[in-house]
2 protein chains.
Amino acid sequence: MLPTTGLPQGAVPKLERPGPLRDRVYEALLELITTRALQPGQHLVESELAGHLGVSRQPVREALQRLSTENWVDLRPAQGAFVHEPTEAEADQLLTVRTLLEAEAARLAAAHARAEAIIALEELCTEGERAVAADDVDGAVAMNARLHAKIMELAGNEVLAELAARVDRRVRWYYTPVARQRGQQSWTEHRELIAAITARDERRATAIMRAHTEHTRKMYHEREK
Amino acid sequence: MLPTTGLPQGAVPKLERPGPLRDRVYEALLELITTRALQPGQHLVESELAGHLGVSRQPVREALQRLSTENWVDLRPAQGAFVHEPTEAEADQLLTVRTLLEAEAARLAAAHARAEAIIALEELCTEGERAVAADDVDGAVAMNARLHAKIMELAGNEVLAELAARVDRRVRWYYTPVARQRGQQSWTEHRELIAAITARDERRATAIMRAHTEHTRKMYHEREK
DNA sequence: GATGTGTCTTTTGCCTACAGTCCACGGCGC
DNA sequence: GCGCCGTGGACTGTAGGCAAAAGACACATC
């Protein structure tokens, strides 16, 4: 166990490495897009972004490529990158897929969940409810994301998790205005879901998760009017 | 209808545009990977590939980035790209997701399908059976892909289609040896599936598609022994 | 003989530079 | 005045080049 140095485990502060520049650019741009700082349809000029971020065009290009494969930007050949414009139809389809993935995750979680995992879920749920009670909207949204992530983790399917993470992030982008509104009801549904998982009731877990995400869809369409 | 030029429709050979170089490199590499010309775990050196393809390193880099987002290669920082090594667990998870996506597609197709679409499906099915009868394995595999693609098209969910296409391609990579074996049974299942879609029976279509892809999983595991 | 160290090579990460392409604007003919 | 063509600017696509990091190997040391 490398005892030769005699240094305690945490003595070396791990020498924080900034990581590849392209990844940081990617995250920066994604942040700018999701926060609406870069608006849908906007033309993203490589040299501009590069100058603004203090890097060269190359990392920016690579970040844009990646963003385009995940449909955050549309990359028209010889014309550049444009922030993707959400469509009504697309939002709907995306939500359908999300429902599908989350429901399957719930089913798998119900099939595999152990006692300690369920305790963790309930803790997350409690914290979420506390955030709602305190009118901490950002906190509630964050806890919601963590709860869903935990369920996905319990499902134990990494491929599914990766897909769901991507879809989820985009859904959140489309539905940010909506997500903030439905605080209260969402968490009572979460309780039911955890109960179903605890009971190992796969069918009920699936059904609840389906209904849960479908509610989001309804709220979106009601808001349209 | 633009009669000013007086040229017949097909006179201009569409001015074949090669398209961005990175895309062609991407497709070339993907082809090399799926055909096992580049073996799993192999270290892909940018300058080598660039020289071999007759282009500079930049398009190769961009292609590799894209391949890495789709998990065809693993991109270790400061170390380069390595062809992804399939795992037993991963193959299983991937197939689970595929089952999920295809089953949903079948359900949606059953919900939306029109008469003319069903005719198209049956034609594809007939052609597939003919290929099997003629021992045309490659043809049968191709028709299989087209049939599934058609069903996905009928589902009318582009987001779902895109995801399924990616998952499918990787599944095919993992399961190529298997796919060639199960010719006959596969097509009788297809017939049943079309029947269910024709009858607008969403539940039956889902169930059949589930069973259909699950059979693939079984064959894979039997082959292991 | 085993271990640690220094150097050397290879390969990536990033930057800069040049060529090709598309769009917009203005002039020209009708 | 209206439409078409040519020209200019801006941006992307691609290439080449340099510095830094990671791995390999030989050598010195214990």
Side-chain angles (χ1 to χ4, degrees), chain A residues 1-7 12-29 32 38-39 41-69 72-84, chain B residues 1-7 12-29 32 38-39 41-69 72-84:
Chain A
M1 217 177 279
L2 296 175
T4 49
T5 64
L7 285 172
V12 181
K14 278 184 179 175
L15 195 54
E16 180 180 339
R17 283 190 306 180
L21 207 47
R22 54 168 176 256
D23 291 341
R24 283 187 291 167
V25 173
Y26 167 81
E27 306 222 348
L29 290 180
L32 289 175
L38 296 176
Q39 291 182 1
Q42 185 170 344
H43 185 187
L44 301 180
V45 180
E46 295 176 358
S47 47
E48 246 177 66
L49 296 174
H52 197 274
L53 294 172
V55 299
S56 128
R57 272 180 55 207
Q58 172 114 352
V60 174
R61 278 182 70 81
E62 296 183 354
L64 288 176
Q65 302 274 340
R66 188 165 156 200
L67 287 170
S68 112
T69 68
W72 290 102
V73 304
D74 297 321
L75 215 50
R76 295 185 233 168
Q79 223 185 327
F82 297 79
V83 179
H84 183 74
Chain B
M1 221 177 281
L2 296 176
T4 48
T5 63
L7 284 171
V12 180
K14 282 188 179 175
L15 193 54
E16 182 178 340
R17 283 190 305 179
L21 208 46
R22 55 167 176 259
D23 292 341
R24 283 188 291 169
V25 172
Y26 167 81
E27 307 223 348
L29 289 180
L32 289 174
L38 296 176
Q39 290 182 1
Q42 185 170 343
H43 186 187
L44 302 180
V45 179
E46 296 176 359
S47 47
E48 250 178 60
L49 297 174
H52 196 274
L53 294 171
V55 298
S56 135
R57 271 180 55 208
Q58 174 104 355
V60 175
R61 278 182 69 81
E62 297 183 354
L64 287 176
Q65 301 276 340
R66 189 167 157 198
L67 287 170
S68 111
T69 70
W72 290 103
V73 305
D74 297 321
L75 213 51
R76 293 185 236 169
Q79 222 184 327
F82 297 78
V83 179
H84 182 76

Handout entry: Under 4.0 Å protein heavy-atom contacts per nucleotide of nucleotides 13-20 of chain D, with B for base, S for backbone only and - for none
Key = BBB-B---

Handout entry: Neighbour count >12 (heavy atoms, 6.0 Å) for atom NE2, His43(A)
Key = yes

Problem - Residue pair Glu46(B) / Val60(B): nearest heavy atoms and the distance that separates them - result: O-CG1, 4.1 Å

Take atom [atom1] of [X] and atom [atom2] of [N], then tell me their distance rounded to the nearest Å.
X	N	atom1	atom2	result
Phe82(B)	dT11(C)	CZ	P	11 Å
His43(B)	dT11(C)	NE2	P	7 Å
Leu44(B)	dT10(C)	CG	C1'	16 Å

Exercise for the section: Check the side chains of Gln65(A) and Glu62(B) for a donor-acceptor pair under 3.5 angstrom, ignoring hydrogens and angles. Expected result: yes

Handout entry: side chain to side chain contact (heavy atoms under 4.5 Å, CB included) evaluation trace for Leu21(A) with Gln58(A)
Key = CA-CA 10 Å; Leu21(A) 207 47; Gln58(A) 172 114 352; over 6 Å; no

Exercise for the section: Report the residue from Leu67(A), Asp74(A), Val73(A) that forms a side chain to side chain contact (heavy atoms under 4.5 Å, CB included) with His84(A). Expected result: Asp74(A)

